[in-house]
Structures are given as C-alpha cells and as structure tokens.
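Here's the structure, in structure tokens; my notes come after.
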There are 2 protein chains.
Amino acid sequence: MERAIRQRITQQLTVIAAAIEGDHTHPSAEDIYLRVRKILPHISLGTVYRNLQRLVQDGALQMLFFGDRTARYDPTLEAHDHFICQQCGRVEDVKVERDRRMDFAALVREGFTIAAHSLAIRGVCHRCGPRQDAASPDKGERRH
Amino acid sequence: MERAIRQRITQQLTVIAAAIEGDHTHPSAEDIYLRVRKILPHISLGTVYRNLQRLVQDGALQMLFFGDRTARYDPTLEAHDHFICQQCGRVEDVKVERDRRMDFAALVREGFTIAAHSLAIRGVCHRCGPRQDAASPDKGERRH
DNA sequence: CTAAATGCAAACGATTTGCAGCCCC
DNA sequence: GGGGCTGCAAATCGTTTGCATTTAG
C-alpha cells in the first residue's frame with residue numbers, strides 16, 4: 001500500500017483559511033488573493049489556488065459556479081441556496097423553504113445515485129431593484 | 001432613436017441552429033464546432049461562438065454551466081432539471097417532482113425579484129453506477 | 001451597394017503546472 | 001534533512017476580439 005502523504009500546515013494555508021472563514025460573499029480566488037496579500041505580501045496566486053483546492057478536497061470549503069467561468073468559494077457547508085443578482089452580480093445565501101423534501105425517488109428507481117443538489121435562483125436583489133412592483137412575483141419566471 | 005440592427009440569416013447560423021436542435025446531450029461550443037465542420041469544413045470556432053451567443057440572446061438556446069469552466073448549450077426551453085454524473089461527466093435532463101412550487105414568497109417579500117431558478121443534481125448515473133444498492137437513497141446527501 | 005457576418009490569429013482571463021529553492025515536521 | 005510547499009513564470013483551456021474580406025439583403 002502506498003504511504004499516505006503527510007500534509008503540512010503552512011503559514012499560507014492558515015492565512016488563506018482564516019481569510020474565508022465566516023465569509024458569505026462568495027469570493028473568487030482573486031478576491032482571496034488580494035485579502036491574503038495584505039498579511040503575506042509575497043504570496044503567489046498559484047499558492048492561493050493550490051491551497052483552496054486542498055481546502056475543498058478536505059471538505060472545509062465548497063467550490064461553486066454561478067454562470068460565469070469563475071470559481072467561487074463558500075465556507076458554509078450546511079444546506080442553503082444561492083441567489084445571484086443579475087444586476088450587481090452579488091451572490092447571497094438564501095434559504096428556500098421546500099415542502100419537505102423534493103422527490104428524488106423516481107431518479108433513484110432509475111438507477112441514479114444522488115450525492116448532492118444545488119438550487120440557484122436568478123433575479124434582481126433588494127439593493128438593485130428598489131421599487132419593483134411585487135404584485136406578480138412569478139411573472140415571467142423561467143426554470144433552467 | 002437608433003436604428004435597429006438588421007440581423008442576417010447566414011448559412012453558418014442555419015447549420016449551427018440545426019446542429020443543436022433537439023439535442024439533449026448538452027454539447028459544448030467545441031462539440032458543436034466539430035459537428036458543424038462536417039457540413040461547413042471552413043467554419044471557424046469564433047463564428048460558432050458568435051452564433052451561439054446570438055441564439056442565446058434570441059432565446060432559442062440556454063447557456064448552462066455545470067461546475068467546470070465550459071459553457072454547455074441546451075435547446076430545451078421548458079422547465080427541467082439537470083443531473084450531472086460525477087463519473088462520466090454526462091449531463092442528463094431530468095424532471096424532479098416538486099411539491100407544487102417552492103416557496104419563493106419569503107424572498108419576494110424581502111424585495112427580491114425572481115427571474116429564473118435552476119436545480120442541478122450531482123451523483124452517479126445509471127450507466128456508471130450499475131449495482132449500487134438503492135436502499136438508502138439519501139445517504140450522505142449534501143446540498144450545495 | 002453596404003453593413004453585418006466571416007475566418008483567421010492574436011488577445012484574454014481564470015486556472016494549472018514545472019521547477020529550483022525553501023521550510024515544516 | 002528530506003519531501004512537501006512555495007514563488008515565479010510559462011503553459012493551458014475556453015472564450016473573445018480586431019481586422020481585412022466576404023456576403024446577405
């Protein structure tokens with residue numbers, strides 16, 4: 001059996017982990033790089049990517065994509081959904097009440113094994129769409 | 001008022017649109033390029049991208065992202081969900097029964113305007129996970 | 001005719017990788 | 001003190017863009 005790789009706790013890893021802890025703004029690698037650089041001015045972007053990758057593999061972080069090509073990192077591990085503002089691009093954690101649980105039974109019967117599911121909601125957030133009339137909330141809604 | 005741009009129906013646009021019609025395999029731009037090249041051998045990748053962009057803007061196509069950095073194109077416009085196989089990478093259209101409609105009322109009350117929502121399910125498809133025991137379907141499920 | 005669309009190639013942005021030196025364990 | 005980790009820079013990958021030329025209307 002191959003020997004397990006001893007992972008080291010480096011200064012960089014510690015600072016990167018601390019920089020995202022409790023952050024609900026869904027920062028990109030670049031965002032995190034800029035933050036971390038204030039503490040470790042000589043850190044490289046590559047190191048940030050490598051450590052983020054490691055934190056994701058260790059299950060300390062989620063890596064998410066919201067329709068552009070940029071990965072976002074999220075330290076919130078418990079179940080929650082995401083609202084993406086089409087105006088300002090901000091991503092907010094939201095919790096959509098589901099009636100109990102969605103019915104995946106049909107899929108399981110077809111032989112699918114379900115590991116995770118994610119719900120992304122797109123629209124205009126309360127900051128960007130101030131006096132939008134909220135009378136017909138579902139108007140024009142499209143699922144995709 | 002500025003004059004509306006007259007869009008032209010080119011041979012390339014027609015062939016590209018035909019190449020994705022009724023396709024449920026969620027091809028990438030590259031995939032589509034390879035198909036179209038059999039009919040128009042001199043077409044360039046750039047033209048494929050430009051026309052896909054136009055078809056998306058015209059509402060003929062959806063552009064989707066499934067966790068890698070590659071855009072996928074989907075001609076199915078009506079409501080459906082996506083299952084992404086973590087083993088083979090294939091994306092299948094699925095329909096998850098929801099209990100009526102999910103409750104977005106709370107979000108609307110907070111001032112969010114909802115335009116669309118998408119549900120992505122990750123796991124192992126029936127092709128890849130043959131004799132998986134289906135007794136505990138929700139085992140280890142994680143929402144993200 | 002003439003502006004929109006094409007083909008080509010160079011530019012781009014996010015991410016990955018190869019490598020010599022560094023520094024945790 | 002040895003191997004994993006770093007910083008740096010070059011490489012990669014998907015996508016976009018500038019420009020001279022072609023082509024639809």
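Residue numbers start from 1 in every chain, and the chains themselves are labelled A, B, ... in the order their sequence lines are given, proteins ahead of strands.
- Nearest-nucleotide mapping onto DNA chain C: of A:T47 and B:L40, the residue sitting toward the 5' end is B:L40.
- Under a 3.5 Å cut-off, the side chain of A:Q62 and the backbone N or O of A:T76 do form a donor-acceptor pair.
- Remark: C1' of D:dT6 and CD1 of A:I9 are 15 Å apart, rounded to the nearest angstrom.
- Within 4.0 Å of B:L45, counting heavy atoms only, lies at least one base atom of the nucleic acid.
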Distance-only donor-acceptor hits, side chain of residues 9-19 of chain A, under 3.5 Å, sequence neighbours excluded:
| unit_1 | atom_1 | unit_2 | atom_2 | d |
| --- | --- | --- | --- | --- |
| A:T10 | OG1 | A:L13 | N | 3.2 |
| A:T14 | OG1 | A:T10 | O | 2.9 |

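- Residues B:E92 and B:H126 meet the side-chain proximity criterion, which asks for heavy atoms closer than 4.5 Å.
- Across all strands shown, B:E30 has no heavy atoms under 4.0 Å from either base or sugar-phosphate atoms.
- Nucleotide D:dC13 holds its P atom 16 Å from the OH atom of B:Y33, rounded to whole Å.
- For the residue pair B:D74 / B:H24, no side-chain donor-acceptor distance below 3.5 Å is found, with atom types taken as modelled.
- For D:dG4, its base never sits under 3.5 Å from the side chain of A:R6 at any donor and acceptor pair.
- The interatomic distance linking B:L13 (CG) with D:dG25 (C1') rounds to 15 Å, in whole Å.
- With B:R72 contributing its side chain and B:H26 its backbone, the two residues share a donor-acceptor pair below 3.5 Å.
- Atom pair B:R37:CZ and C:dG7:C1' shows a separation of 13 Å (rounding to whole Å applied).
- Within residues 65-72 of chain A, the residues that place at least one heavy atom under 4.0 Å from DNA chain D are, in residue-number order, A:R69.
- If you take CD of B:Q12 and C1' of C:dC8, they are 14 Å apart, rounded to a whole angstrom.
- Expressed to the nearest 0.5 Å, how far OG of B:S118 lies from NE2 of B:H82 amounts to 9.0 Å.
- Atom CD in A:Q7 sits about 10 Å away from atom P in D:dG4, given to the nearest Å.
- Axis angle across the helix from C:dC1-D:dG25 to C:dC25-D:dG1, with five pairs used at each end and values rounded to 10°: 40°.
- When the C1' atom of D:dT22 is taken as reference, atom NE2 of B:H42 falls 14 Å away, rounded to whole Å.
- Going from atom CZ of A:F65 over to atom CG of B:D68 covers 7.0 Å, rounded to the nearest 0.5 Å.
- For the pair A:I16 CD1 and D:dC5 P, the computed distance is 12 Å after rounding to whole Å.
- Within residues 49-58 of chain A, the residues that place at least one heavy atom under 4.0 Å from DNA chain C are, in residue-number order, A:Y49, A:R50, A:Q53.
- Side-chain N/O atoms of A:T10 include none lying less than 4.0 angstrom from OP1 or OP2 on D:dC5.
- The list of salt bridge (charged side-chain N to carboxylate O under 4.0 Å, His left out) pairs with a residue in residues 109-120 of chain B, not counting sequence neighbours, is empty.
- Separation of atoms CD1 (A:I121) and CZ (B:F112) is listed at 9.0 Å; rounding is to 0.5 Å.
- Without hydrogens or angle criteria, B:D81 side chain to B:A120 main chain gives no donor-acceptor distance under 3.5 Å.
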Distance-only criterion, 3.5 Å: show the donor-acceptor pairs between side-chain atoms of residues 36-44 of chain A and protein atoms not counting sequence neighbours.
| unit_1 | atom_1 | unit_2 | atom_2 | d |
| --- | --- | --- | --- | --- |
| A:R37 | NH1 | A:Y33 | OH | 3.3 |
| A:S44 | OG | A:T47 | N | 3.3 |
| A:S44 | OG | A:T47 | OG1 | 3.1 |

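- Remark: A:S44 is not in phosphate contact with D:dT6, judged by side-chain N or O atoms under 4.0 Å from OP1 or OP2.
- In this structure, the side chain of B:D58 does not engage the main chain of B:L55 through any donor-acceptor pair within 3.5 Å.
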